[in-house]
Amino acid sequence: MLIEGKKICFAYDFGGSSFALQDVDIDIAQGEFVAILGCNGSGKSTLVKHLNALLQLQQGELRVAQIDLRNEQEIWLLRRLCGMVFQNPDNQFVSPVVEEDIAFGLENYEVPREEIPARVQAALALVEMDGYEKRAPNTLSGGQKQRVALAGVMALEPEIIIFDEATAMLDPDGRQEVVAIMHKLHRAGKTIIAITHYVEEAVAADKIILMHQGQVLACGRPQAILTNLDLMHAAELVPPLPVRLYYDLRRAGVDLKKCPLTEEELVEAICQLRSKT
Ligand SMILES: Nc1ncnc2c1ncn2[C@@H]1O[C@H](COP(=O)(O)OP(=O)(O)OP(=O)(O)O)[C@@H](O)[C@H]1O
Ligand SMILES: [Mg+2]
């Protein structure tokens, strides 16, 4: 396992009794695309902040790429290995010029100066933002800003990329752009962890971790999690539209063969129904 956590507990008021995480187990394999779903305050951000030691492990065990999170000496290594993109793109820039912003991160990690221009270029190409080197981040669209923020992360060549609601503030086009890049990085072999409020974005994940009140309520394939109404209800989440329609149709006496997760699957299931009658 690339990421292995057992019985992780965390309280923001250390020693206090209100736990933001309670006995959380987490297993993520190399190259997996994992979506973390849960309502506000369920502990999603708190959990992923442990993965690159933005929060210190208080209780339990956690290993990321064989690095024991109880061993603080290796934190810098971990930060490079495990990049994070946050919700608000505007809070992620330090320079008024795109290429300088990405170079700044590399300088911080003491990447040799002569390597920096090529690394900046490669990172921008990866997120399909080459050509924007001299632009000011504040003149870009939300989706473009997030892609530049992601380029800053990718320039450090991480193995694991965490998106903490990186699409939450974007319009549908921007969201689509960022989601497409997530999947492209996944196809290239990266391990992707995506926290999202949009259940639709979790449909294509390899695995969903469903959180509620600081605990993992369930973990499994999207088909198993998103079509389970009781589970979704317990997590205070609304299932994707095709799932809701499936159950509505069933109540009306129309049984589709399989509960669809996407619009395409829904259309297919309905077409099969017609061809039978
Ligand atoms: N800096 C903090 N200080 C104190 N309590 C915090 C802090 N950050 C989060 N919490 C609390 O910890 C719990 C988990 O919060 P967390 O931010 O991990 O949830 P989340 O699932 O990421 O929520 P959201 O969807 O709103 O981002 C919540 O009860 C929250 O109020
Ligand atoms: Mg959060």
Side-chain angles (χ1 to χ4, degrees), residues 3 5-28 33-62 64 69 72 75 78-79 82-92 142-143 145-146 149-150 153 158 160-172 174-175 178-179 182 191-203 205 207-220 222 225-226 228 231-240:
I3 297 171
K6 280 199 176 48
K7 294 205 169 296
I8 299 168
C9 295
F10 184 86
Y12 280 96
D13 54 335
F14 188 40
S17 58
S18 68
F19 285 97
L21 292 179
Q22 231 175 337
D23 289 332
V24 168
D25 291 347
I26 180 174
D27 279 316
I28 296 178
F33 190 122
V34 177
I36 304 184
L37 288 181
C39 61
N40 287 123
S42 56
K44 307 178 297 291
S45 297
T46 305
L47 176 61
V48 297
K49 279 180 187 160
H50 278 76
L51 302 180
N52 65 355
L54 280 178
L55 287 176
Q56 204 186 340
L57 188 67
Q58 292 173 349
Q59 240 189 83
E61 290 171 34
L62 181 60
V64 177
L69 272 277
E72 282 179 54
I75 280 176
L78 198 67
R79 297 260 161 94
C82 197
M84 259 179 122
V85 182
F86 296 96
Q87 187 177 94
N88 188 346
D90 292 319
N91 291 346
Q92 299 178 69
K145 283 181 193 170
Q146 279 303 52
L150 176 57
V153 166
I160 304 163
I161 305 117
I162 301 170
F163 296 86
D164 190 349
E165 298 199 39
T167 61
M169 296 178 76
L170 307 181
D171 61 21
R175 200 179 307 150
V178 173
V179 169
M182 284 184 197
T191 304
I192 307 290
I193 302 174
I195 294 181
T196 179
H197 272 174
Y198 297 102
V199 284
E200 289 75 15
E201 284 180 16
V203 165
K207 183 161 93 186
I208 293 176
I209 297 174
L210 190 64
M211 296 196 65
H212 193 243
Q213 294 182 348
Q215 294 181 307
V216 174
L217 211 53
C219 177
I225 305 277
L226 298 175
N228 185 330
L231 206 51
M232 294 299 282
H233 183 73
E236 297 177 59
L237 292 177
V238 179

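Just follow the structure's listing: the first ligand is 1, and inside any ligand the first atom is 1. Reckoned from all heavy atoms, side chains included, excluding hydrogens, waters and symmetry mates. What you see is a predicted model, and the numbers here were worked out from it, not measured in a lab.
In this structure, C219 SG and D27 CG are separated by 7.5 Å, a value rounded to the nearest 0.5 Å. The CD1 atom of I192 sits 4.0 Å away from the CD1 atom of I161 when rounded to the nearest 0.5 Å. Between F19 atom CZ and D13 atom CG the span is 8.5 Å, to the nearest 0.5 Å.
For ligand 1, the atoms lying closer than 4.0 Å to a non-hydrogen atom of T46 are 14 (C), 15 (O), 16 (P), 18 (O). The ligand atoms of ligand 1 that sit less than 4.0 angstrom from a heavy atom of E165 are 24 (P), 25 (O), 27 (O). Here is the list of ligand 1 atoms found below 4.0 Å of a heavy atom in A20: 12 (O), 13 (C). Those atoms of ligand 1 with a heavy atom of H197 less than 4.0 angstrom away are 25 (O). Heavy-atom proximity to C39, at under 4.0 Å, picks out these atoms of ligand 1: 21 (O).
For atom 26 (O) of ligand 1, the nearest protein heavy atom (residue, atom name, distance) is N40 ND2, 2.8 Å. Counting only heavy atoms of the protein, atom 19 (O) of ligand 1 lies nearest to G43 N, 3.2 Å. Nearest non-hydrogen protein atom to atom 8 (N) of ligand 1 is Y12 CZ, 3.3 Å. At the shortest separation from atom 25 (O) of ligand 1 among protein heavy atoms lies K44 NZ, 2.7 Å.
In terms of polar-atom proximity, defined here as any N/O pair under 3.5 Å, G41 does make such a contact with ligand 1. Between G38 and ligand 1, not a single N/O pair is under 3.5 Å apart.
A distance below 6.0 Å separates the ring centres of Y12 and F10.
Heavy atoms only, all atoms of each residue included: Q146 and Q87 are closest at NE2-O, 3.5 Å.
Within a 4.0 Å radius of atom 2 (C) of ligand 1, the protein has at least one heavy atom. At least one protein heavy atom sits closer than 4.0 Å to atom 16 (P) of ligand 1.
No side-chain donor from either of Q22 and Q213 sits under 3.5 Å from a side-chain acceptor of the other.
When each of L37, V179, D164 is checked for a side-chain contact (heavy atoms from CB on, under 4.5 Å) with T196, only L37 meets the rule. Each of I160, T191, V64 was scored for a side-chain contact (heavy atoms from CB on, under 4.5 Å) with I28, with one residue passing: T191. Of the residues L226, V203, V199, V34, the one that meets the side-chain contact (heavy atoms from CB on, under 4.5 Å) test with I208 is L226.
At a cut-off of 2.8 Å, S45 is counted among the residues with an N, O or S atom near the Mg ion (ligand 2).
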